[in-house]
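Computed from a predicted structure; not experimentally measured.
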Amino acid sequence: NDKAMDCINLKISKVGGLTKAKQIRDLCVTLGISMNIEDTWGGDIVTAAISHLAHSTPETFRLAATDFNSYVTRPIAKGAPQRQQGRFTASHGPGLGIEPMFEELGSPVLDIH
């Protein structure tokens with residue numbers, strides 16, 4: 001336990017998704033390492049994923065989490081977390097707690113049948 005680092009910046013998509021990010025988060029908690037929880041970029045859907053991972057992390061180990069949907073101008077999901085007074089919460093619905101607005105997402109880039 002050399003204390004080689006004080007914290008990490010955990011980006012969900014950089015490590016392979018929510019499951020892998022949760023595993024890394026759990027390891028950090030076990031080792032006493034604080035985290036900034038975010039992703040590489042995104043809107044409502046990414047912010048919902050970030051908020052759920054962040055809110056399931058003990059506060060002692062949560063330095064910050066990023067609400068990327070506050071940086072974009074067009075919503076793409078209903079029920080997405082919204083920042084209020086410098087904080088945002090996880091949605092309470094099933095899954096990520098959001099409903100994608102498919103009409104805003106546009107046509108699929110790839111459709112596999």
Side-chain angles (χ1 to χ4, degrees):
N1 197 356
D2 293 337
K3 298 289 184 189
M5 66 179 149
D6 296 319
C7 63
I8 68 164
N9 188 10
L10 180 55
K11 294 187 178 194
I12 295 169
S13 64
K14 289 282 189 180
V15 299
L18 273 173
T19 300
K20 298 283 186 187
K22 180 192 174 298
Q23 292 170 336
I24 294 169
R25 185 274 314 271
D26 292 347
L27 177 62
C28 286
V29 169
T30 299
L31 296 173
I33 299 168
S34 297
M35 293 155 276
N36 183 41
I37 298 173
E38 57 179 41
D39 211 327
T40 53
W41 194 252
D44 292 329
I45 297 169
V46 169
T47 298
I50 292 168
S51 69
H52 279 277
L53 185 61
H55 283 284
S56 65
T57 302
E59 194 170 350
T60 306
F61 300 103
R62 188 177 66 227
L63 294 174
T66 305
D67 58 329
F68 284 117
N69 63 346
S70 68
Y71 296 101
V72 297
T73 58
R74 200 166 97 197
I76 59 169
K78 296 176 185 170
Q82 299 297 315
R83 180 178 41 185
Q84 295 178 0
Q85 298 179 330
R87 297 183 178 272
F88 66 107
T89 60
S91 301
H92 297 288
L96 293 178
I98 58 169
E99 184 181 329
M101 298 163 59
F102 293 104
E103 66 280 1
E104 293 297 324
L105 295 173
S107 299
V109 175
L110 178 64
D111 189 0
I112 300 173
H113 294 283

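- With values rounded to the nearest 0.5 angstrom, Ile37 atom CD1 is found 13.5 Å from Lys11 atom NZ.
- Summarising the geometry, atom NZ belonging to Lys22 is positioned 12.5 Å from atom NZ belonging to Lys20; distances are rounded to the nearest 0.5 Å.
- Ile33 has its side chain out of reach of Leu27: every pair of non-hydrogen atoms, C-beta onward, lies at least 4.5 Å apart.
- Follow the hydrophobic side-chain contacts under 4.5 Å out from Ile98 and you never reach Met101; the two are in separate clusters.
- Between Ser91 and Gly79, the closest heavy-atom pair is OG-O, 2.6 Å.
- Across all non-hydrogen atoms, the minimal contact from Leu63 to Cys7 is CD1-CB, 3.6 Å.
- Smallest separation of non-hydrogen atoms from Ala48 and Ser51: O-OG, 2.8 Å.
- Note that CG of Leu105 and CD1 of Ile45 are 5.5 Å apart. Values are rounded to the nearest 0.5 Å.
- Legend: residues meeting side-chain hydrogen bond (donor to acceptor under 3.5 Å, both in side chains) with Asp67, ordered by chain and number and at least two apart, are Ser70, Arg83.
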_Using the rule given for side chain to side chain contact (heavy atoms under 4.5 Å, CB included), can you reason through Leu96 versus Leu18, listing the C-alpha separation, both sets of side-chain angles and the distance that settles it, and then say yes or no?_
CA-CA 11 Å; Leu96 293 178; Leu18 273 173; 4.1 Å; yes
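- Looking at Thr47, its side chain does come within 3.5 Å of a backbone N or O of Asn69 through a donor-acceptor pair.
- Distance alone, capped at 3.5 Å, places no donor-acceptor pair between the His52 side chain and the Ala90 backbone.
- Nearest heavy-atom pair, Leu53 versus Arg25, reported as atom, atom and distance to 0.1 Å: O-NH1, 3.4 Å.
- Within the model, atoms CZ of Phe61 and CG of Asp26 stand 11.0 Å from one another, a figure rounded to the nearest 0.5 Å.
- Of the possible polar contacts, none joining the Ser13 side chain to the Asp39 backbone as a donor-acceptor pair under 3.5 Å is found.
- The two atoms that bring Leu10 and Ala21 nearest to each other are CD2-O, 3.5 Å, heavy atoms only.
- Judged as a side-chain hydrogen bond (donor to acceptor under 3.5 Å, both in side chains), and not counting sequence neighbours, the contacts of Asp111 are His113.
- Ring geometry for Phe88 against His55 counts as perpendicular: the plane angle is over 60°, on a 0 to 90° scale with 30° as the lower cut.
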_Show, in sequence, the C-alpha distance, side-chain angles and deciding distance for Val29 and Met35, and conclude whether the side chain to side chain contact (heavy atoms under 4.5 Å, CB included) test is met._
CA-CA 9 Å; Val29 169; Met35 293 155 276; 4.0 Å; yes
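- Residues Asp44 and Phe68 form no side-chain contact, since every pair of their non-hydrogen atoms from C-beta on lies 4.5 Å or further apart.
- We find the CG-OG distance between Asn9 and Ser34 to be 12.5 Å, quoted to the nearest 0.5 Å.
- If you check the side chains of Thr57 and Arg62, you find no donor sitting under 3.5 Å from an acceptor.
- Atom CD of Glu103 sits in a crowded spot, with more than 12 heavy atoms from other residues, nucleotides or ligands closer than 6.0 Å.
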